[in-house]
Amino acid sequence: MGRLLALTFAYLAYLLANAIASQRQQHRVQHGPCSYTFILPEVENCQPLKDFQVTNTLQSDSPPEVEPGVSQSKQSRVQDDRPSWQQSKLETLESAMENNTQWLQKLENFIQENVRSGMEEIKRSTVHTQTAAMLEMGTNLLSQSAEQTRKLTDVETQVLNQTSRLEIQLLEYSLFTNRLEKHILLQTQEISRLSDKNSFLEQRLLALEARYGKELQGLQSEKQQLQDLVERQSRVVSQLQGELGSSTLNSTTLQRQQAVLTDTVQQLLTKVSQCNEISNEPKKEPLTFRDCAEVLRSGVKESGQYTIRLHNTTQDVKVFCDMKTRGGGWTVLQHRRNGSVDFHRGWSDYKMGFGEPLGEHWLGNDIIHKLTSSREYSLHIQLKDREGNEAFSFYDCFYIDGEDKNYSLHVEGFSGTAGKTSSLTHTGSQFSTKDRDNDRCTCKCAQLASGGWWFEACGPSNLNGIYYPASSSVIRYNGIKWYYWKGPNLMAAMTTMMVRPSDF
Ligand SMILES: [Ca+2]
């Protein structure tokens with residue numbers, strides 16, 4: 001403010017000096033909203049004196065002092081020469097200057113008052129503006145603070161709600177955990193109780209295993225002993241059978257020798273007759289017979305051993321021909337009458353045949369197959385028990401397959417007196433021996449029932465079982481069997497299986 005005032009005064013002094021130095025009468029000063037116009041006194045036509053000097057002693061009323069050195073005489077002459085208009089002019093000028101000076105003082109005062117009041121006004125308005133700005137800022141700050149406070153309150157409320165929910169959930173979890181712990185505790189107790197029970201049962205099981213294991217071992221050893229005993233007894237029985245067979249073999253041998261002698265005699269007689277015929281008749285081709293029916297047709301009426309040639313082969317086979325039974329012409333496949341021949345044999349023996357046609361024998365599966373497949377044959381089975389009772393079973397059609405089909409059985413048209421039902425197994429049954437199991441039993445029928453036969457499982461018949469010499473009440477499973485005539489135990493005195501052409 002002081003600087004502003006100083007500047008104002010300096011400017012005024014400058015204006016004053018210019019006003020004095022120049023001829024201008026007016027000057028305008030703009031200060032803020034106010035403008036000031038200065039009208040200076042008129043000094044034109046005022047020709048200063050040559051010796052007029054402007055001094056600071058403008059308001060002085062006294063005349064200028066006399067310079068030293070100027071003589072008193074000179075002064076008195078000047079005073080005498082001074083015109084009166086100059087004095088009046090000077091006085092006018094002095095009074096104008098005095099007025100101007102006063103006016104300037106008033107102006108200065110006025111300006112000072114105006115400036116002061118303006119400054120105060122400015123100061124007040126500035127203060128007012130600043131206060132208003134401060135108030136507005138304060139209001140803004142308050143409103144912002146209130147807004148922030150409200151937001152903070154909302155956030156706090158949300159946090160409190162969230163915290164409450166979390167606390168509730170925590171409480172629920174805590175309760176749930178407690179329940180689970182109780183449940184787990186109960187389950188643990190139950191498991192412990194079951195474990196105790198299990199260990200007790202295991203101990204009991206071990207004790208029982210130990211006890212029954214000993215008993216089982218004892219039973220197994222007893223079973224083994226019994227098996228050994230059975231085997232020993234079977235061997236003894238076989239030995240006895242062998243001895244029996246050998247004892248009966250002697251008589252059989254005699255009979256066979258007799259039969260051979262008879263055969264030889266017959267052959268000699270035949271040769272003699274042939275020699276006679278040769279001497280009397282032209283030579284003929286040697287006769288061959290495909291079976292005993294043809295032998296019979298050739299005129300031979302006596303039962304006995306003959307040689308036949310299988311159809312379409314060069315194989316000669318010795319067979320026994322039955323020329324008596326039901327018209328004769330039967331080719332015998334199997335014959336038993338005394339147990340002199342062992343029928344408990346393997347596959348190859350049954351394949352090739354064994355025994356002699358004049359005694360007990362099996363003709364052989366290959367020969368039976370070739371014979372019965374060459375034309376249609378009927379099968380006759382003749383049986384006789386120990387009491388001399390005879391019976392037969394008859395089949396209109398009979399043949400067996402080759403070895404590739406295990407000599408499967410084919411029979412049709414059953415009739416006869418040895419049971420109302422056929423004791424032969426049905427068509428399709430395969431042949432089994434002790435070393436070739438083709439039956440339909442999980443066991444091995446040929447080993448249990450002995451011999452070779454068309455076992456089923458194991459079937460109602462077996463004419464190749466063991467020949468027991470004497471009648472007995474003991475049921476022998478491995479004996480000769482024709483179930484639907486004599487039940488499981490035949491005790492046969494004789495069996496014969498023989499074939500003849502169906503159209504005989
Ligand atoms: Ca079997």
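Since the model is a prediction, treat every value here as computed from it, not as a measurement. Heads up: numbering here begins at 1 and tracks the sequence.
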Donor-acceptor pairs under 3.5 angstrom involving side-chain atoms of residues 209-224: please list them, not counting sequence neighbours.
{"from": "Ser221", "atom 1": "OG", "to": "Gln217", "atom 2": "O", "distance (Å)": "3.3"}
{"from": "Ser221", "atom 1": "OG", "to": "Gly218", "atom 2": "O", "distance (Å)": "2.6"}
{"from": "Gln224", "atom 1": "NE2", "to": "Asp228", "atom 2": "OD1", "distance (Å)": "3.4"}

Phe354, CZ atom: more than 12 neighbouring heavy atoms under 6.0 Å: yes
Distance alone, cut at 3.5 Å: any donor-acceptor contact between the side chains of Thr496 and His335? yes
Looking only at non-hydrogen atoms, find the nearest pair between Val341 and Arg336 and report the distance. O-NH2, 4.2 Å
Between Glu294 and Arg297, does any side-chain N to carboxylate O distance fall below 4.0 Å? no
Does a side-chain heavy-atom distance below 4.5 Å link Asn438 with Ser432? yes
Residue pairs passing the salt bridge (Lys or Arg N to Asp or Glu O under 4.0 Å) test with at least one member in residues 349-369, sequence neighbours excluded, are Arg345-Asp349, Lys351-Asp366, Lys351-Glu403
Working to the nearest 0.5 angstrom, can you tell me the gap between Asn464 CG and Asp342 CG? 11.0 Å
Determine all donor-acceptor pairs shorter than 3.5 Å in which one atom belongs to a side chain in residues 180-189; sequence neighbours excluded.
{"from": "Thr188", "atom 1": "OG1", "to": "Ile184", "atom 2": "O", "distance (Å)": "2.5"}

Carboxylate-amine/guanidinium contact Glu120 Lys123, below 4.0 Å: no
How long is the straight-line distance from CG of Leu135 back to CG of Asn140, given to the nearest 0.5 Å? 11.0 Å
Do Asn161 and Thr157 come within less than 4.5 Å of each other through their side chains, counting heavy atoms only? yes
What's the shortest heavy-atom distance between Val319 and Pro357, and which atoms? C-CB, 3.9 Å
Is there side-chain contact between Met323 and Val295, with at least one heavy-atom pair below 4.5 Å? yes
How about Lys197 and Phe200: do any of their side-chain heavy atoms sit closer than 4.5 Å? no
Contacts of Asp404 that satisfy salt bridge (charged side-chain N to carboxylate O under 4.0 Å, His left out) - sequence neighbours left out: none
From CH2 (Trp347) to CE (Met352), nearest 0.5 Å: 13.5 Å
Measure across Phe289 and Ser298 and return the closest heavy-atom pair with its distance rounded to 0.1 Å. CE2-CB, 3.4 Å
Where at least one partner belongs to residues 349-386, residue pairs that pass disulfide (SG to SG under 2.5 Å), sequence neighbours excluded: none
Should we count CD of Gln267 as having more than 12 external heavy atoms under 6.0 Å? yes
Short question: side chain of Asp322, backbone of Lys324 - any donor-acceptor pair under 3.5 Å? yes
When the ring planes of Tyr350 and Trp362 are compared, do they come out parallel, tilted or perpendicular, using 30° and 60° as the limits? perpendicular
Do Asn478 and Tyr468 have a side chain donor and acceptor closer than 3.5 Å? yes
Nearest-0.5 Å distance, CH2 of residue Trp482 to CG of residue Leu424: 4.0 Å
Tell me whether the count of non-hydrogen atoms from other residues, nucleotides or ligands lying under 6.0 Å of NZ in Lys318 goes above 12. no
Which pairs, with at least one residue in residues 296-342 and sequence neighbours excluded, count as a disulfide (SG to SG under 2.5 Å)? Cys292-Cys321
Got a list of side-chain donor-acceptor pairs under 3.5 Å for residues 367-383, not counting sequence neighbours?
{"from": "His369", "atom 1": "ND1", "to": "Ile400", "atom 2": "O", "distance (Å)": "2.9"}
{"from": "His369", "atom 1": "ND1", "to": "Gly402", "atom 2": "N", "distance (Å)": "3.4"}
{"from": "Lys370", "atom 1": "NZ", "to": "Gln315", "atom 2": "OE1", "distance (Å)": "3.3"}
{"from": "Thr372", "atom 1": "OG1", "to": "Ile368", "atom 2": "O", "distance (Å)": "2.7"}
{"from": "Thr372", "atom 1": "OG1", "to": "Ile400", "atom 2": "N", "distance (Å)": "3.4"}
{"from": "Ser373", "atom 1": "OG", "to": "His369", "atom 2": "O", "distance (Å)": "2.5"}
{"from": "Ser373", "atom 1": "OG", "to": "Lys370", "atom 2": "O", "distance (Å)": "3.4"}
{"from": "Ser374", "atom 1": "OG", "to": "Arg290", "atom 2": "NH2", "distance (Å)": "3.3"}
{"from": "Ser374", "atom 1": "OG", "to": "Leu371", "atom 2": "O", "distance (Å)": "2.7"}
{"from": "Arg375", "atom 1": "NH2", "to": "Asp503", "atom 2": "OD1", "distance (Å)": "3.2"}
{"from": "Tyr377", "atom 1": "OH", "to": "Asp291", "atom 2": "OD2", "distance (Å)": "2.5"}
{"from": "Ser378", "atom 1": "OG", "to": "Asp396", "atom 2": "O", "distance (Å)": "2.6"}
{"from": "Ser378", "atom 1": "OG", "to": "Ser502", "atom 2": "OG", "distance (Å)": "3.2"}
{"from": "His380", "atom 1": "ND1", "to": "Arg326", "atom 2": "NH1", "distance (Å)": "3.2"}
{"from": "His380", "atom 1": "NE2", "to": "Gln382", "atom 2": "OE1", "distance (Å)": "2.7"}
{"from": "Gln382", "atom 1": "NE2", "to": "Glu390", "atom 2": "OE1", "distance (Å)": "2.8"}

Check whether any side-chain heavy atom of Val411 lies under 4.5 Å from a side-chain heavy atom of Thr427, and answer yes or no. yes
Can you name the ring-ring contact (aromatic ring centres under 6.0 Å, His included) partners of Phe398, sequence neighbours left out? none
Should Leu194 and Asn198 count as side-chain neighbours, where that means a heavy-atom distance under 4.5 Å? no
Does Asp439 reach the main-chain N or O of Cys445 with its side chain, forming a donor-acceptor pair under 3.5 Å? yes
Close side-chain approach of Met498 to Thr331, heavy-atom, < 4.5 Å: no
Lys486: which residues meet the salt bridge (charged side-chain N to carboxylate O under 4.0 Å, His left out) condition with it, sequence neighbours left out? Asp385
For Gly451 versus Ala446, what's the shortest heavy-atom pair and its separation? O-CB, 3.6 Å
Has the side chain of Ser450 got a donor or acceptor atom that lies under 3.5 Å from a matching backbone atom of Gly465? no
Tell me, which pairs form a ring-ring contact (aromatic ring centres under 6.0 Å, His included) where one or both residues lie in residues 300-328, sequence neighbours left out? none
Taking distance alone, no hydrogens or angles, what donor-acceptor pairs closer than 3.5 Å link side-chain atoms of residues 452-461 to residues at least two apart or in another chain?
{"from": "Trp453", "atom 1": "NE1", "to": "Ser461", "atom 2": "O", "distance (Å)": "3.1"}
{"from": "Trp453", "atom 1": "NE1", "to": "Ser461", "atom 2": "OG", "distance (Å)": "3.0"}
{"from": "Trp454", "atom 1": "NE1", "to": "Tyr407", "atom 2": "O", "distance (Å)": "2.8"}
{"from": "Glu456", "atom 1": "OE1", "to": "Ser429", "atom 2": "OG", "distance (Å)": "2.9"}
{"from": "Glu456", "atom 1": "OE2", "to": "His426", "atom 2": "NE2", "distance (Å)": "3.3"}
{"from": "Glu456", "atom 1": "OE2", "to": "Arg440", "atom 2": "NH1", "distance (Å)": "3.4"}
{"from": "Ser461", "atom 1": "OG", "to": "Ser423", "atom 2": "O", "distance (Å)": "2.8"}

Taking all heavy atoms of Gly329 and all of Arg500, pick out the closest pair and write down the distance. O-CG, 3.5 Å
For the residue pair Gln334 / Thr495, report whether a side-chain donor-acceptor contact shorter than 3.5 Å exists. yes
Determine the minimum heavy-atom distance between Leu296 and Gly327, stating which atoms define it. CD2-O, 3.4 Å
Please round to the nearest 0.5 Å and tell me the distance separating atom CG of Asp401 and atom CZ of Phe431. 13.5 Å
Under the disulfide (SG to SG under 2.5 Å) test, residues paired with Cys443 that sit two or more places apart: Cys441
Side chains of Trp485 and Ser393: do they bring a donor and an acceptor to under 3.5 Å? no
Test your reading of the model: is there a side-chain donor-acceptor pair from Ser174 to the backbone of Leu170, 3.5 Å cut-off? no
